[in-house]
Amino acid sequence: MILKKYFYVVLILLALTTFGVVGAFAEEAVQQAAQKGPSLDEIVSVNKIALDTIWVLITAFLVFWMNAGFALVESGLCRAKNTVNILAKNFIVFAISSIAFYIIGWGIMFGDGNPFFGIQGLFLLTGADNSPATGDAYKGVYSAINWTGVPLYAKFFFQLVFAGTAATIVSGAVAERIKFISFIIFSFVIVGIIYPITGHWIWGGGWLAKMGMFDFAGSTVVHSIGGWAALAGVIVLGPRIGKYTKDGKVKPIPGHNMSTATLGALILWLGWFGFNPGSTMAADANAIARVALTTNTAAAAATLTATITAWLMLGKPDLSMILNGTLAGLVAITAPCAFVSVPSSLIIGLIAGVIVVLAVVMFDKLLLDDPVGALSVHLINGTFGTFALGLFAEDRFMPGTTGNGLFFGGTKLLIAQITGIIGVGVFTFLISIVAWYIIKAVVGLRVSEEEEIIGLDIGEHGVEAYHIVGGEERI
Amino acid sequence: MILKKYFYVVLILLALTTFGVVGAFAEEAVQQAAQKGPSLDEIVSVNKIALDTIWVLITAFLVFWMNAGFALVESGLCRAKNTVNILAKNFIVFAISSIAFYIIGWGIMFGDGNPFFGIQGLFLLTGADNSPATGDAYKGVYSAINWTGVPLYAKFFFQLVFAGTAATIVSGAVAERIKFISFIIFSFVIVGIIYPITGHWIWGGGWLAKMGMFDFAGSTVVHSIGGWAALAGVIVLGPRIGKYTKDGKVKPIPGHNMSTATLGALILWLGWFGFNPGSTMAADANAIARVALTTNTAAAAATLTATITAWLMLGKPDLSMILNGTLAGLVAITAPCAFVSVPSSLIIGLIAGVIVVLAVVMFDKLLLDDPVGALSVHLINGTFGTFALGLFAEDRFMPGTTGNGLFFGGTKLLIAQITGIIGVGVFTFLISIVAWYIIKAVVGLRVSEEEEIIGLDIGEHGVEAYHIVGGEERI
Amino acid sequence: MILKKYFYVVLILLALTTFGVVGAFAEEAVQQAAQKGPSLDEIVSVNKIALDTIWVLITAFLVFWMNAGFALVESGLCRAKNTVNILAKNFIVFAISSIAFYIIGWGIMFGDGNPFFGIQGLFLLTGADNSPATGDAYKGVYSAINWTGVPLYAKFFFQLVFAGTAATIVSGAVAERIKFISFIIFSFVIVGIIYPITGHWIWGGGWLAKMGMFDFAGSTVVHSIGGWAALAGVIVLGPRIGKYTKDGKVKPIPGHNMSTATLGALILWLGWFGFNPGSTMAADANAIARVALTTNTAAAAATLTATITAWLMLGKPDLSMILNGTLAGLVAITAPCAFVSVPSSLIIGLIAGVIVVLAVVMFDKLLLDDPVGALSVHLINGTFGTFALGLFAEDRFMPGTTGNGLFFGGTKLLIAQITGIIGVGVFTFLISIVAWYIIKAVVGLRVSEEEEIIGLDIGEHGVEAYHIVGGEERI
Amino acid sequence: MKKIEAIIKPFKLDEVKDELNKVGVQGITVSEVKGFGRQKGHTELYRGAEYVVDFLPKVKLEIIVTDDVAEKVVQTIMNTAKTGRIGDGKIFVSNLEDAIRIRTGERGKDAI
Amino acid sequence: MKKIEAIIKPFKLDEVKDELNKVGVQGITVSEVKGFGRQKGHTELYRGAEYVVDFLPKVKLEIIVTDDVAEKVVQTIMNTAKTGRIGDGKIFVSNLEDAIRIRTGERGKDAI
Amino acid sequence: MKKIEAIIKPFKLDEVKDELNKVGVQGITVSEVKGFGRQKGHTELYRGAEYVVDFLPKVKLEIIVTDDVAEKVVQTIMNTAKTGRIGDGKIFVSNLEDAIRIRTGERGKDAI
Ligand SMILES: Nc1ncnc2c1ncn2[C@@H]1O[C@H](COP(=O)(O)OP(=O)(O)O)[C@@H](O)[C@H]1O
Ligand SMILES: Nc1ncnc2c1ncn2[C@@H]1O[C@H](COP(=O)(O)OP(=O)(O)O)[C@@H](O)[C@H]1O
Ligand SMILES: Nc1ncnc2c1ncn2[C@@H]1O[C@H](COP(=O)(O)OP(=O)(O)O)[C@@H](O)[C@H]1O
């Protein structure tokens, strides 16, 4: 058992160093812009590039910061005895994403290729590229993302933090029972392969993009994908011991630290101001201001309706439901944020907040044990948001892109949206099921019953998260 | 009782959806800037607008982030048994603010109107507006804020995060005894009505603005107003059970988590770099650098003098006093930050740090129970900061605005400042008292004695914040 | 004893106010740029200055935010009974830094002077300066930093947040036994004197700069210096009671709160996106994107190898080692981040992650008790990073600066790096030892044995950090 | 010697301690316990599902006294801890064979 | 009256409580304790050094009953708390002299 | 059988446990308690007001032993836990009627 563990970590280590060394002596793709004696004209456009780049980087930092949000929400809503494990998962997942997306993910997603995946410039960002040149001036192999005039590394970094999010979503749903090593492996797979493939379909110029599907900041590309992979994981893993009685009744397992969970949700809310407005990938004043406002309005509205729904339906304003409500609003507005009006964003948020509460209850009815509500937030509302874009989009905001949604006279868009939802869902769910089963067969998926009872902290990491009570540390 | 609760939440729900639907089909006010074939000249100014907009948005994000700071400071300085309630209050308050300020608050504050409140473009941001046009080129109904060349939505979003702060200040002072629903209602009232009215006086071109009162980032507009409303709440509510003995001696109720309280204070310090430098609402290099530095210098100085004062006067360097000291310095420099020199900011900070410690002790002497020191920080130092602006301002920093303060030869300014302090104080305190009493009469204000003892977490939310001790979760 | 304490705090208070008042009436150095009727040309360059300034300020905010990271990592990895003390230390240290660097530190570091320290414009930022003028146009006394075209205050603020970091590093290593007042005094000394002197050598145009040593964002200037001072402190203080048995065996003292420690590490990771990319001190699109990516890649790689090393070598993936791994990668890439390729950054990170785990074990073997691993992270990896720059640098990234490192055909650079490492190390260690001993002689350094056992929270601050368990607060 | 164990409501602890002090009790050992009894627990709610928390926070006092003052101690606790509402708690009295003060090695009555 | 103290595995608490309830036990006082016994503790690991955690989390029940039901209570705990694995815990029985219900002042059997 | 309860200073726990182990004690149950006694508490300070924390953290050991080793156990605790300073704690000895090992159902001496 122990040896098996070693074997795999050594494998990873080898792979990493190999790729590192290979990469180190591969030619770098980024063209250094020659800058001697610039004309006024050039300075202006350098200013524009710099402006766009700092916007892209700063918003990317905000999205990176969401890792802290996910870590705290998940650990806060789970039990103290699994805290170290959850924190470790959430912490290491971004490191894994960084490497996996660098090695292969980016190339599959944005490399020129066929409608299903990228083929050129596949590994280590080594394809030809003359960013920040845009449009026709762009000569390189990552042409699907040539619309933004920032350096390649800025594009990569921004996309990387998004890729990291998808894996993190899975973490929450499979918490408190998955083996550490198995989660690590799945994270490599989702960020290196699964996410980039469907990402290619929509953002990489693939078949859904061609069909006219839109997803501004990733309700589907990021959130639903994470959600489908999580659903597969939840099914393969089964519920935590003690979550459901034999006759299917729910026995709540309360979160151990609502302070950190709430802080986490606030971090996510903040991070979303990077996620959505940053997805312009350019400092377009009107667009970013509008996106910031639609994002916030949906979040606020969903917070209120989730509160009210929980209060009326369940009897009390459950804080964990309030937090889920906000996140639901944020996920739902992610696809449509740039294409809809502020009042529309308000309505989308109002609905999302109700949906998420119902979804949490529903998943429990289905005995699908999702400790943090990741499915209700990311899968259900990612889907809802993608759909809502087909209803509420208005052509006037980004003329020549989405066209109008159903409520404003268009139908084509909605059909494309539904196709995207189904296509991505079926593919991601199936490939994830396969991935989970392979991991299960090879290294196993779930910790032992004894370890689950005593806690994964002691089992997987040999340490406890808290020594807070006065005398304890003196014992 | 329960029914009564339902009644009000349903009312809110109805109001929200109505406004949402109404708004959805109202024409949007933002003019999309036509951008075909731009001249160099236009690009340069587009760059300028974009630059200002990303500055405004990023600093607004930082101010948004202060919500997390308030949540953690307040919950950390209160008892574990009320943590969920406090977190829920602080979390939902920004959602409420977002909706209330959108529906009506913005219009009252910035709509063209009379010296006392705005009248035009009152609801849902629907007034005419051609931002980012500025000065004479501006044609719209929000002319008091036409000095900044960013899109309307950027202006709104920035002002919104400020409005949210005022309500949050109240939260801390009324903690551990107020009913959840009553706090929600008051938050709607303060952000929708009270704050915008006095805000209109000073920032909306109202009578105090005309008189020559200045308040750069809101020592009075935001902090004192929050403080006065909080004072009214503290008086109407009365102290927490057990805080004072019958003979008026203080029985300290120590905070339950100094880790989160300290993190909260650091978040606030960070957020203030949005609050103050962002209030330029334009990326004016000299101004924002200077404001960042005056802000930080005052905070640092106040931290040190609060530490020293607590150490000398009370015997030990009390961490909660140190944290209050920093916040006091930040609140005090908020009004003058752009109008004073760095050495002046140092002096303002040094004084603020002493004041806040004395104020905490004084409020306890007066049997005004303010669990987190909100009155000492926001009311007292908001007032001090507004006053200090009248002393330390120098015309050279923003020529043609404040003129010189008393220490640099001017007297007019100080008189305007004092008028503002008194005018705003009297109005806000009275209207808040009325609001609190009406809420008390209709839904009640304070939880039952039994609930207060057992904790609002179980009483209001049916859940506990922490399950941290090892065996506990297995019991 | 008590009187002695008072004496020193009064001294500090007096010094502070004196300097404040003196400063208040000293002429301010910043030249207000005249801005009437600007030509297009001027606007473009105003845009450029504004752009650079917001980049510098925002990244400075991120670096400021690292204070929260240090506070949480340190308090989380120490015991509950010392939490208030650790938080207070970490909180107040930035206030101290702000004042000390303002009063004297900046002048020593960046004032024109001799190869060893600055002489002109020493106090309170009062030297002549016409920033944002750069290069030959610059007329002032801070010419070592005239390469960046931002206002003086922006330069100062950015450098200030770096200075603060050095003192914070020390905090972690001396935790759980140092007297509060002694730490405060040492912080004044390091930020006011020690850090600026060696800083002058490298960033202030001193002898190492002239020799051709490079340290882009401070692996040596900030981290190693902090590390050397910390090492001196650890030696003078001795280990915590109970850390080592008489026969030199380690008795682990587990951290009390891994949630906050992990959050802290994520904050630091985020903050580093200010630390490194911000050190361009200009919004140069290519440079900042590349630096962001090398920084993240090294961090991710180090996270993974630290995990693997801990897993293989120690048996389990220890979370505290994973966190240290990330920080090690970040520290190591700090010097070379702008001068090396992404694949090189990957390799640097891979190595840093292994080094840090070995270093933690080594320091324990040497009975040097460093509760949080500050020496392994900052000293060892600061040194490694500075050295790695001499190996991996490539001239093409910043033509005309570093030249090529050893692996790319250059040797001169590596020699300069090694000289820098040794020169800075010897000086900083010796002067720190002296400083620690003087403090020890005058006010004492270590709390009493009894206080150490009962905890510094009660001893130094008279308060406990947590009252979390249900019944506790009712007792 | 008698060992008196009292389970009381947590918020009464300070008062009881003060009163016991007045009647001459010199030492008390206190622990946090959870009580299950006639007093019903409360219902908590989490993510849409309810659950009953049967165990309520109580405080347990252990007091060793000489036989002669035992009854006074019992009476004092009873009077002070009483609110008249369900869940006020119980007092249990049992016999103790020996007591030793670690610091001095004193035994029996002298050790209390 | 008898005082029955049982040290059991924490996850068995709910079950034991329910069974005791069925046999008519009306009150239980529970506390969290750490047990050291034949069951070995586990090894933890921190920053490269191992250490043994000897003390395992256990739950202690205190139940006061009249003499006649004592044996039934013992049996019930034994049957319910048993997993057959080392560390299942112990039951200790001792004599109690008096019991008082604070709320009413009832003493002896009536107080239980 | 005897039940020995010892209230000691927390930092002495490890040592006491080791010594008891040496004299053959096979089981100990430990709980965190707060002690009030001759040893004065300390003053804490919060936001300008002082308050006395009377209750100091102590650790309580419960050890069930056969009558013959009881005295040795008492002596061992006394010697090991002693610092000579006030607040070292107390040892209380009482009689136990029965002990049961849940795992096996053994009773009396065999159960210890
Ligand atoms: N038979 C018992 N054995 C042990 N503890 C008991 C017993 N009966 C009551 N208790 C303790 O006393 C507390 C109060 O008892 P309860 O029945 O709720 O109220 P009352 O004593 O007023 O009838 C319980 O929470 C429990 O801790
Ligand atoms: N002699 C004793 N005195 C006090 N507590 C004991 C004694 N023996 C055992 N215990 C308690 O019972 C628990 C279980 O005992 P252990 O020896 O581990 O298993 P088992 O009872 O199955 O042999 C211990 O953790 C301890 O709390
Ligand atoms: N009569 C008593 N009943 C119960 N516990 C006692 C009694 N006397 C002392 N204790 C416990 O013993 C601890 C130490 O007693 P204390 O009087 O402070 O010191 P010493 O025993 O050295 O005189 C107390 O904190 C308390 O927990």
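Please read all numbers here as calculations on a predicted model, not as lab measurements. Letters go in sequence order (proteins before strands), and every chain restarts at 1. These numbers come from the heavy atoms of this one structure, side chains and all, not from hydrogens, waters or symmetry mates.
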Would you compute the distance between atom CG of B:N286 and atom OH of C:Y153 and round it to the nearest 0.5 angstrom? 10.0 Å
Could you go through C:D457 and B:L319, starting from their C-alpha distance and side-chain angles, then the distance that decides it, and tell me whether this counts as side chain to side chain contact (heavy atoms under 4.5 Å, CB included)? CA-CA 10 Å; C:D457 286 3; B:L319 179 54; over 6 Å; no
Quick one: are B:P254 and C:E464 in side-chain contact, heavy atoms under 4.5 Å? no
Which portion of B:S259 sits near chain C, non-hydrogen atoms under 4.5 angstrom: both
Within the 4.5 Å heavy-atom criterion, are B:L346 and C:I99 side-chain neighbours or not? yes
Pairs of heavy atoms under 4.5 Å with chain C: top-ranked of B:I253, B:L266, B:N47, B:D52: B:L266
Calculate, to the nearest 0.5 Å, the distance between atoms CE and NE2 belonging to B:M321 and C:H461 respectively. 14.5 Å
Tell me, for B:W65 versus chain C, whether the close heavy atoms (under 4.5 Å) come from the side chain, the backbone, both or neither. side chain
With respect to chain B, which residue among C:T53, C:L263, C:L87 yields the maximal number of heavy-atom pairs within a distance under 4.5 Å? C:L87
Hey, does B:W311 have a side-chain heavy atom less than 4.5 Å from the side chain of C:I181? yes
Is there a donor-acceptor pair under 3.5 Å between the side chain of B:K316 and the backbone N or O of C:G459? yes
Interatomic distance, CG@B:N257 vs CG@C:N257, rounded to 0.5 Å, equals 8.0 Å
I'd like to know which of B:T307, B:I58, B:I288, B:T309 tops the heavy-atom pair count under 4.5 Å against chain C. B:I288
B:T326 versus chain C, the contacting section by heavy-atom distance below 4.5 Å: side chain
Can you tell me how far apart OG1 (B:T262) and CG (C:L72) are? Round to the nearest 0.5 Å. 8.5 Å
Can you tell me which portion of C:I86 sits under 4.5 Å from chain B's heavy atoms? Options are side chain, backbone, both or neither. neither
Measuring heavy-atom distances to chain B, does C:V463 have an atom under 4.5 Å in its side chain, in its backbone, in both, or in neither? neither
With only heavy atoms counted, which part of B:I267 is less than 4.5 Å from chain C, the side chain, the backbone, both or neither? both
Contact summary for C:A50 and B:A285, nearest pair of heavy atoms: CA-CB, 4.1 Å
Quick one: what part of B:I322 sits under 4.5 Å from any heavy atom of chain C, side chain, backbone, both or neither? both
What do you reckon, are the aromatic ring centroids of B:W272 and C:F61 less than 6.0 Å apart? no
Parallel, tilted or perpendicular: which fits the ring planes of C:F64 and B:F273, with parallel below 30° and perpendicular above 60°? perpendicular
Value rounded to 0.5 Å, distance of OG1 in B:T83 from CD1 in C:I468: 8.0 Å
Ignoring hydrogens and geometry, is there a side-chain-to-backbone donor-acceptor pair from B:H256 to C:Y466 under 3.5 Å? no
Please identify which of these residues, B:N296, B:V342, B:L293, meets the side chain to side chain contact (heavy atoms under 4.5 Å, CB included) condition with C:F156. B:L293
Work out which heavy atom in B:A292 is nearest to a heavy atom in C:F157; give both atom names and the distance. O-CE1, 4.2 Å
Honestly, the part of B:A283 sitting under 4.5 Å from a heavy atom of chain C is both
Only pairs of heavy atoms separated by less than 4.5 Å count here; which of C:I96, C:V84, C:N85 has the most with chain B? C:V84
Residue selection (most heavy-atom pairs with chain B, distance under 4.5 Å) from C:I54, C:L51, C:N90: C:I54
Which bit of C:F158 is near chain B, if near means a heavy-atom gap under 4.5 Å: side chain, backbone, both or neither? neither
